[in-house]
Asker: 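Shown below is the structure under consideration.
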Amino acid sequence: MVDPAQPPEPDPADWRSPDPDRTFVARYECIAPALCAWSMRHIGQTVRARVEVDDVMQETWLRAYGKRGDFRGDERAFRAWIFAIAKIVLLEVVRSVRRLHRVQINDGATSLLLALDGVHESVTRLTQRLVRDETIARFLDRLARLPPEDQDLISFCGLEGATCADAARKLGISTDAAVKRWQRLRARLGEEGLGHDWVA
Amino acid sequence: MTGSPEPIGSGGSDSHPDLFDFVSLLLGDRARGQERPLGDYLERFPGHEQAITAEFERLRRDADDKTSHLGPYRIVRTLGRGGQGVVYLAEDARLQRQVALKILSAHPDFVSAEHLARFRREAAILSQLDHPGICDVFEADTVDGVPYLAMRYLDGQTLAECIRRDRADDQVPRARVDLHRAVGWIEAAARALHEAHEAGVVHRDIKPGNILITEDRPVLLDFGLARTDSVTAGDTVTRTGTVMGTLAYMAPELLGSRATQAGRRADVYSLGVTLYECLTHRLPFEADSEIGLARAIETEEPVEPRSRNPAIPVDLAAVVTTAIARAPGRRYATALDLAEDLARVRRREPVRARRPTIAARVTSFMRRHPTLTIGLIALLLLTVVLALALKRAADDARVVLALNRALTAGRSDEQAAAALAELVDAARRDPGERLHSALLPLLDHCLLSYRVPRMAPRHMTNDPPPAIDRDGRRFALGDSEGVVTLLDAADGHELNRRALARGALHSLAFFGDSLLACTGDGSVLLLSLPSLQPSGILRQPGHGVACAAVAADGRTLVIADGTALHLLDEAGRSERRLPLPDGAAPARLQLDASARFALVLGHRSSDDPDAFDQALIADLHTDDGAVWPIKSSGEDVLHAEWHGQRAALVLAYNGGRVEVYDVAERRPVFVRTVGQEVNWCGFDPTGDLLLVPSDRETTLWRWRDDSAAPFLRLPHTHHRTVGAAAFLPARELLATVHRDGTIVIRSTRDWGELRTFRQRMLNVRFLQWLGDSGRLLTAEMHSVSGWDTSGRRHLPELFSGHDVVTTLDSHPSLPLLATGSRNGDVRLWWLDERRPPRALDHGDEPVLRVCFSPDGHLLATATEDGRVRVWNVEDGGLCHVLAGHEGAVETLLFTGDGEALISAGSDGRCLVWDLAHGTRQRELRGDAPIRSAALHPVEPWLAAGCADRWLVVWNWRTGEVVHRVFTSSEHADWRTNPIHQVRGVCFDDHGNLWASLVNNYLLRFDRDWQRHATEDDRFGGALVIDSGSGLLLSADYSFGRLSLCNETGITPVTVDGHAPHDNKIAAVHVARAGGRALSAGHDGRLWVWDLDTARPLLRLHCATAILDAVFTHDGAYVVTACEDGTVKAWPTDPVRAAVDYLGRRQ
């Protein structure tokens, strides 16, 4: 029985929902583990000395949240959109770290690059929880034992949600090869209990 | 992408997500030493050429800035790149010396903590090691966050470069010096590795690329993956389960789900692979992918090094094989052991490594070639199976060949018995149908006959006919060489032999109790029995004795010379002399039964030994005028036979004239000319009938009546003219042997053929019974044969040639069989042939049913005209003729107490007959033909299944209807729609009534007449119950299917999943002892089933459809009646029968 006094629960799949904030949060939470894993994989030791994974994630969230009104698309497009933002954030971080490295500035970089005041507390808690999540750690550990090409393929297709054709172009391989390898990898991850629902 | 984000942040147009991917991939490639040209990246990221080009330049500039100087070191050039970093040639500005500078990564942004820790550990490890085969470390530090390692610079080539160079030149080391050089390098590397191991360091990445060949010695490089013994579980540098090293050189135990930590033996393995590559320029495992390679290393055995480079010495190959053994335990325990063995190879001393055993090599081969192995094993198994099958077929063929030889070539009894014994063995091993089938005729043969091939030379036409002693236990043979042989009549066994050296023997005769009289060369000699020692000479050679004969009492010997007949006693004393007329040329003497008259047959001018132109009668009791001629025709006499009781004899002349000569009247009293040559004729044991066989028939004449027509004609169904014949009065048998080799045994009661068998014999001119034993002796052109006709109970064929027998029944307690034929012939057959068969005077109506009463005293027969006859089995007398049915009677049932007989027929009536008075006791009327009926085991109930689908149960004592049920849901006219007829009815011991319907229903009515129906296409035909087990054997209507049923379920009876018969099942019958049942069908097959297991015990195949079949009373035989008119008795256990026979022989 639906209580008429209570507003209906927004449908996360419906972007025309009257409460886009709650829909956005629900969508983000779905892909946040993948974003966390992706960030952990791409942030090297030197960068991490200045920027933590959760900083990158929260910066990504903040930028996406600010632009949420401009987004139109389905779930797959949302994942790609978030990762595009994350890539730009991380690219900027890498460039800044490189500059800092060259000029031997050892101060913390977060304050210079990121303004995280607007991040909701719930997002912060989510990020902090994901960073400590052992399932993501195990996933990355297994990923690190794969050949580099397979690691990249999983990153593109499994985390970012890119198509095999897109991943194939970036990796310089044929689409057929990318499709077959991705299917094989996905099956192997599934057999090893690593086929999480946040893997595309 | 809709909603694709605009550039965010401060990067402007050069901040695009693809730029990040480009940077990430480029740095990754560069870290692995696989940086690609710019154009390659531009192709991958179209649309961002300008930004990517700029980013590419920026990153290169950063790298150059970072690597041109590093702290106090100036980078000169790159020496090499690896997964862990780059090694540069650098100059130390402080000490002005060249160093090898290893930098973990040119881009510290992407150096993980793990790699950094490993780098630092390598520095620490190298600083601990001090060995000329391990590179020295000068310094380890970090500049601007870039960790580096300064090591002694050694000029040289890595072993990988050496191999690559030689491989490019296609120079696999073949010369001993090249091999020893490689061995020396690996030996030195092994000693250095052992040093590291002793220091607690496991290299974990031994490979040609990490062995530098300097002018002095090989040096181990790159301890970046090395592990020390001090590593703890919490060490994050080398977490347990993390695979380190280069896959192709990695030991199998480091791979897979059960991977272990690398140890010394893993390094030994890697060094062994390195040695393998040095010697062969190939790797022991090769695959298209890393996954395939890992699987090969983990699961397969390495390819033998000598198969890739035969120049490798055996000992060196053994060292390599040991070093790269898949099981760590089979490898060298230490690198030093490897080094020592390599040193022994160089010194040509025996190595400790041993070549793998044959078993190990086979195992290795199987692991390397699993598919081929499976194929080979399958081929081997197939070969074995084929060999066994061929052997079995050969065995069968050998047995069948022996069988054929024994049966057709006239070989000895021993050969047939040997074949039989072999067949018994084979049948015991594999009791298959074929062997059983083969056993039966061979058994038949062995029981039937023996031959005497021992005579030397073989029996010839001119040899005297065999002589048989009075009781038929022995017989004697003589030949043209003067050799006398005494044989056992039971089996033809030779008892004694003697060469008399008197030329050809003319005649032989047993004389008295222990003498054998022999004539030949004009003399008469007496031989003692059984020694055949000469006991007396009655006439010396040259006295002209032509022939001799012994009287029936055996006490008087008559000899004939050219002038007189001489009667001699046992002592050789002459009792009487009877002169012969002038011109007499006696050749054969035949005495009548009273020994008063002698028939003298002679050759006056004839050259044919079997044709006599002289025939004289001599009265041995009269001294004067006692010899006179009796020939009434100018033709030669071919055969003469004395009457058994009277002074008369029959003569057969050439040309077909036959006459009976009465000695008392001294004239022929019966003369007939049959127009065909008669080789034999004779009187029956009664003396009333004269048998005259011709080519196509044997005629029986009442010669005393002088009738113009024969009393009886016995047509020769398959045989030609009779060559010889003999009566056996004691058993009322007549044996005739025909010119085609067929021997026919007839009963003199009804002159019916009892037994016919054919052997390959030529010109049989002698046939006699051997006493009363039932054995026959025949003499033909080349052999003498004995035939045992007394073994009939073992012979399958009882008779043939009569009209078709359609119904059978076996006596409940005696070996007696009743048969009924289409021509109205009803006979009782004694299966052991102790008594002749008895023909019942039945009439001409086709017999539909014969049935013994439960006590066996009565036999009931039913004919097509509806009459039922009841016979006394003991004397064959007719007790009652029961007339009352208006149509054919198909069912006869004796009640359990034997007081009544119930007949059911196509007129729809069941009639109950009082057997005491032969009167109708009750009439139970149905509405349609009654197809089957059954009696309740306890109650006086009769169940009848009718064609109109009604099943009626009467009380046959009172005539009341106990129960009546319509078995179908359809009321169509049964005359036009017979599909629902009730075909089988029976009660079981629990009182259940079973009925099978043509429409494939099996109905069971329990004691409360509750109906239980089962539909199955195995039903619809006859039903028979095994009282002991309560099992019901049910046949289908027309497709040859069988099933076993009881209250709990139905078991299909099949053979290899198929129906046992191909056609309608004509008969099902349960042995009286229970446990076994038979089924016989129109397909000619007969099966004997074990009811406990529903498995076949025996399968027989008749040439034509089987019309009826029953077990004998003891179940030892199955009797079949076939459409070709034959009735055969088959032993249900031919193996046992054969074993019995062989036992008797021994």
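This structure is a prediction, so every number in the text was calculated from the model and none was measured. We name chains A, B, ... by the order of the sequence lines, and we start the count at 1 in each one.
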Asker: May I ask you to check whether Tyr41(B) and Glu55(B) show a side-chain donor-acceptor distance below 3.5 Å?
Answerer: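 Glu55(B) and Tyr41(B) do not have a side-chain donor-acceptor pair below 3.5 Å.
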Asker: In terms of heavy-atom proximity below 4.5 Å to chain A, should Asp18(B) be classed as side chain, backbone, both, or neither?
Answerer: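 For Asp18(B), the side chain is the part near chain A, not the backbone.
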Asker: For Glu192(A), look at atom CD and say whether over 12 heavy atoms of other residues, nucleotides or ligands are found less than 6.0 Å away.
Answerer: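 Result for CD/Glu192(A): enclosed.
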Asker: Does either side chain, that of Glu277(B) or that of Tyr249(B), offer a donor lying less than 3.5 Å from an acceptor on the other one?
Answerer: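 Tyr249(B) and Glu277(B) do have a side-chain donor-acceptor pair below 3.5 Å.
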Asker: Which atoms of Arg188(A) come close to chain B, meaning under 4.5 Å heavy atom to heavy atom: side chain ones, backbone ones, both, or neither?
Answerer: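 The side chain, not the backbone.
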Asker: Looking at Tyr65(A), I'd like to know if the NZ or CZ of Arg68(A) sits under 6.0 Å from its six-membered ring centre while staying within 45 degrees of the ring's axis.
Answerer: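 Here Arg68(A) passes the 6.0 Å and 45° test against Tyr65(A).
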Asker: Where on Phe156(A) is there a heavy atom nearer than 4.5 Å to chain B: the side chain, the backbone, both, or neither?
Answerer: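 Side chain of Phe156(A) only, per the 4.5 Å heavy-atom cut-off to chain B.
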Asker: Gln151(A) versus chain B, heavy atoms under 4.5 Å apart: side chain, backbone, both or neither?
Answerer: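 For Gln151(A), neither part sits under 4.5 Å from chain B.
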